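Everything below concerns the one structure shown next.
This one's a predicted model, so the numbers in the text were calculated from it and none came from an experiment. Whatever order the structure lists ligands and atoms in, that order sets their numbers, starting from 1.
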Amino acid sequence: MKIFLDTANIEHIRHGVRLGVVTGVTTNPTIISREGKVDYQKRVKEICSIVPGPVSTEVLSQDSKGMVAEAREMARWAENIVIKIPASLEGVETTSVLAGENIKVNFTLCFTLNQAVLGAAAGAAFISPFVGRLDDIGEDGMEVVADIVEYLDYYRLPAQVIAASIRHSQHCLMAARAGAHVATVPYEVLLGMMRHPLTDSGIKRFQDDWKRMMAEEG
Ligand code: E4P
């Protein structure tokens, strides 16, 4: 499973890339707004220059004509731009148009297999089921991820599933078990994926034992 960072924070993105594990980034208007008042285009271009793989940026229009125009403009910003299009009927139409122009679409705000079926049929490169938001309303977000993965595999469709709206490291391991191609994770969750008290205590014990042996030898 590939790891993308779900952030527009440059320092966090640089760290993830330095670790050698973050290969893409997803943003949305809320994520960008967390960075204060930034020049949107400049920020996205900067992210695209740091990250080796896909960087998703979201349109704000709600009608297809507006979404297509925004997407065409954003697609010029960098080679690795992917356009987030919402899972609405207007979004499906937009995805079909953009796919026909070889502009990569991340079909976002996806909450059901039915929405994913239409997104994939329209030619989306990525489908993003929102796990945390489904869990929030008492549904099983990861079940939707697993269903979409199984559906795409069964029909050998090229779209990749991005498990999105990830809230904690348990979500990451469940996404991996469900066969998600990508998990897009907040920075804190990325750090949490490596954390384990037995690793910390194990490192400390090795250090202590080594120091004790050296002191005895000396
Ligand atoms: C990613 O593509 C989504 O925009 C993001 O994961 C949404 O996360 P949230 O539900 O925590 O806002």
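At the shortest separation from atom 7 (C) of ligand 1 among protein heavy atoms lies F130 CE2, 3.7 Å. Nearest protein heavy-atom contact of atom 5 (C) of ligand 1 is D6 OD2, 3.0 Å.
The side-chain hydrogen bond (donor to acceptor under 3.5 Å, both in side chains) pairs that include a residue from residues 144-164 are K2-Q160, where partners are two or more places apart or lie in different chains.
Closest heavy-atom contact between V131 and M142: CG1-CE, 3.7 Å. Counting all heavy atoms, side chain and backbone alike, M67 lies closest to I85 at SD-CG2, 4.0 Å. Heavy-atom minimum distance, I127 versus A159: CG1-CB, 4.0 Å. For the pair I83 and A75, the tightest heavy-atom approach, listed with the atom from each and the gap, is CD1-N, 4.0 Å.
For S165, a nitrogen or oxygen atom sits less than 3.5 Å from a nitrogen or oxygen atom of ligand 1, counting backbone and side chain alike. Considering backbone and side-chain N/O atoms, N28 comes within less than 3.5 Å of an N/O atom of ligand 1.
Considering L190, T184, I13 as possible partners of V22, the one that fulfils the side chain to side chain contact (heavy atoms under 4.5 Å, CB included) test is L190.
Remark: ligand 1 atoms within the under-4.0 Å shell around heavy atoms of R133 are 7 (C), 9 (P), 10 (O), 12 (O). Within the listing of ligand 1, atoms 1 (C), 2 (O), 3 (C), 4 (O) sit less than 4.0 angstrom from a heavy atom of K84. With ligand atoms numbered from 1 in the order given, ligand 1 contributes 9 (P), 10 (O), 11 (O) to contacts under 4.0 Å with heavy atoms of R167.
Between Y187 and H12, the two ring planes are parallel [angle under 30°; tilted spans 30° to 60°].
Counting heavy atoms under 4.0 Å from ligand 1, residue S128 does not touch it at all.
Distances from ligand 1 to the non-hydrogen atoms of E58 include no value under 4.0 Å.
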